[in-house]
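Please read the structure below before turning to the comments.
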2 protein chains.
Amino acid sequence: MKEKVCVVGSGNWGSAIGKIVSENVLRYPEVFEPQVRQWVFEEDFRGEKLTTIINRERENPKYLPGIQFPSNLVAVPDLVQASRDASLLVFVLPHQFVRGVCEQMKAHIAPHARAISLIKGLEIEPDKVTLFSEEIARKLGIRVSALSGANIADEVAQEKFCETTIGSQDEADGRLFHKLFHTHYFKVNVIRDYVGVELCGALKNVVAVGAGISDGLGYGSNTKAAIIRLGLMEMRKFGQTFFGTVQDSTFFESCGVADLITTCSGGRNRKVAEAFVKTRQPIDVLEKELLNGQKLQGTLTAQEVYQFLSARKMTDEFPLFTTVYRIIYENAPVESIVREVN
Amino acid sequence: MKEKVCVVGSGNWGSAIGKIVSENVLRYPEVFEPQVRQWVFEEDFRGEKLTTIINRERENPKYLPGIQFPSNLVAVPDLVQASRDASLLVFVLPHQFVRGVCEQMKAHIAPHARAISLIKGLEIEPDKVTLFSEEIARKLGIRVSALSGANIADEVAQEKFCETTIGSQDEADGRLFHKLFHTHYFKVNVIRDYVGVELCGALKNVVAVGAGISDGLGYGSNTKAAIIRLGLMEMRKFGQTFFGTVQDSTFFESCGVADLITTCSGGRNRKVAEAFVKTRQPIDVLEKELLNGQKLQGTLTAQEVYQFLSARKMTDEFPLFTTVYRIIYENAPVESIVREVN
């Protein structure tokens with residue numbers, strides 16, 4: 001029985017990943033069925049259906065213009081049809097759609113299916129942290145791995161070299177997903193600590209807000225490097241305090257230190273935080289101006305983390321996370337970004 | 001018996017450190033003598049002796065213009081006079097002067113003296129690696145700690161927040177040096193692994209050459225983050241292969257990941273390597289043009305590391321270090337910076 005792959009999602013990152021996965025199934029014909037189905041949320045684009053354009057032009061002109069897809073990647077607008085009998089599910093869509101999508105596909109996927117989550121973010125409520133890999137596992141009753149790394153989608157699509165990290169509890173799943181994702185320009189390391197992989201992908205954005213505040217203040221590269229390092233240490237502490245299984249070594253992986261470096265160099269979280277310091281406008285005004293009203297991930301996560309830590313009276317033990325929250329939401333002086341972490 | 005501090009060296013970094021040390025001795029009058037002597041290599045500057053200017057203006061106009069020194073820092077041109085009865089020696093001078101300086105001061109320092117090395121670099125010969133802390137320890141017969149971190153001298157002198165790492169085998173020495181160096185803008189972490197601290201300070205420059213090659217090729221931030229991460233892992237492997245005492249945790253310190261980030265963002269090693277790719281001129285020509293003929297630390301260290309690894313038939317186990325060497329000195333294609341690390 002060969003593996004039938006379904007990519008669930010087709011944004012910028014989903015398109016870049018659809019390309020890689022479709023290339024790789026052809027490299028291992030003994031393991032994978034040659035066709036990869038990609039569920040595309042149907043929309044009109046320049047007077048046509050997006051899936052029609054993708055399947056004719058072999059390109060997603062809305063989310064990844066200029067990048068050619070292999071011909072074995074097929075865009076499917078119907079979720080049930082896209083996921084029917086699929087044995088490998090690649091989740092790469094905005095987190096708010098995860099539950100609905102799982103409900104719809106549950107009765108149709110292969111009974112032995114496994115999944116991997118490339119979903120950014122976590123659900124942090126005052127009383128608990130929910131990982132999307134675990135949410136998918138619960139909803140579908142299958143094993144779920146996670147993938148995260150220093151992977152700006154456009155650069156991956158252009159085949160510029162990078163690394164990524166897959167966290168897989170199950171060794172055989174890890175080997176299979178290595179085959180599905182690894183290429184000469186997208187180097188996969190497989191580790192066991194899927195919790196750490198997902199935590200890094202969410203918490204890094206809080207650190208990037210801190211780095212942006214430092215940039216806005218003109219503090220220079222020593223200070224920024226210190227904030228990145230202190231942030232990495234709080235990410236590790238958060239993982240190890242609230243999830244017993246999180247490993248030190250995860251933070252040396254691409255999902256840890258490398259993704260943090262990338263996110264703190266470019267990236268919207270860093271940029272909007274820099275503008276926050278320079279313009280002194282509230283964050284929701286900047287979101288409207290700079291992000292068309294989309295919510296910034298890092299500030300949202302900072303707020304959720306703060307509420308989670310507050311509920312445990314542990315805000316003092318995470319001074320960088322806490323200070324980022326207080327600067328953004330409680331009018332704390334921006335200079336406290338360095339004063340409070342001493 | 002209070003500690004008598006002597007700062008041995010007065011360049012850009014030595015001047016920034018002289019300022020910090022002089023501020024701190026006054027904060028702990030029960031531990032330190034109030035006067036800090038700084039050995040200044042005497043030279044003429046604008047028709048006067050440099051030490052005369054420093055002691056009159058409380059500023060080093062040649063190496064750290066615009067920064068005021070505390071009045072308890074005294075510039076002394078004579079090494080014997082500067083180090084006489086000194087019990088705490090801060091070595092912050094170019095490594096080629098270490099041996100001569102130790103010979104000259106040996107008979108004059110306090111019998112119970114201890115030192116700390118802020119010297120950049122290592123001496124790597126095909127048959128051995130010599131740490132300057134150990135070299136000073138051998139020459140003077142005293143215990144020597146090491147300090148290194150993401151510490152661009154000008155930013156430290158301007159009191160912009162950063163962190164640094166002190167490696168001290170002896171706990172009491174560590175506490176004492178913490179007192180001597182820690183301020184609200186220069187945050188000191190003390191660890192035991194002085195070998196790791198010094199190795200990081202030298203090997204980071206090889207990684208920065210790799211990062212500069214990537215920048216020269218226009219590879220973007222995923223690739224650069226991957227090179228930084230792979231470099232950090234080779235630094236760790238080098239330390240743990242050739243020095244049994246080097247700890248994983250050292251690479252999470254300021255001397256590790258933070259200094260590497262700073263060095264790979266700005267810094268001359270990164271910059272000259274970028275120019276190497278863009279102009280395709282040999283490195284010695286670029287050194288003449290861009291550095292007034294001064295030798296680039298990163299390429300020199302890459303060469304020494306390569307010869308050291310060659311002598312052990314271990315170049316394949318350090319693909320990034322080896323590829324940097326081959327690109328700079330053996331005309332390997334610049335693109336191999338990513339091809340060879342897969």
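In what follows, every chain begins at residue 1, and chains take the letters A, B, ... in the order their sequences are listed.
Most heavy-atom pairs under 4.5 Å with chain A: of the set Glu155(B), Arg236(B), Lys160(B), this distinction falls to Glu155(B). When each of Leu230(B), Leu217(B), Leu232(B) is scored by its heavy-atom pairs under 4.5 Å with chain A, the top score falls to Leu230(B). Here Ser221(B) is the residue among Gly149(B), Ala226(B), Ser221(B), Cys264(B) with the most heavy-atom pairs under 4.5 Å with chain A.
Contact annotation for residues 247-261 of chain B against chain A (heavy-atom separation below 4.5 Å, listed by residue number): Asp248(B), Phe251(B), Phe252(B), Glu253(B), Ser254(B), Val257(B), Ala258(B), Ile261(B).
The 12-atom threshold is not exceeded at NZ of Lys271(A), counting heavy atoms of other residues, nucleotides or ligands nearer than 6.0 Å.
The distance from atom CZ of Arg229(B) to atom CG of Asn189(A), rounded to the nearest 0.5 Å, is 5.5 Å. With rounding to the nearest 0.5 Å, the separation of OH in Tyr185(B) from CG in Asn222(A) is 12.0 Å. Atoms CD1 and CZ, on Ile227(A) and Phe161(B) in that order, are 7.5 Å from each other to the nearest 0.5 Å.
Only the side chain of Ile228(A) comes within less than 4.5 Å of a heavy atom in chain B; its backbone stays farther off.
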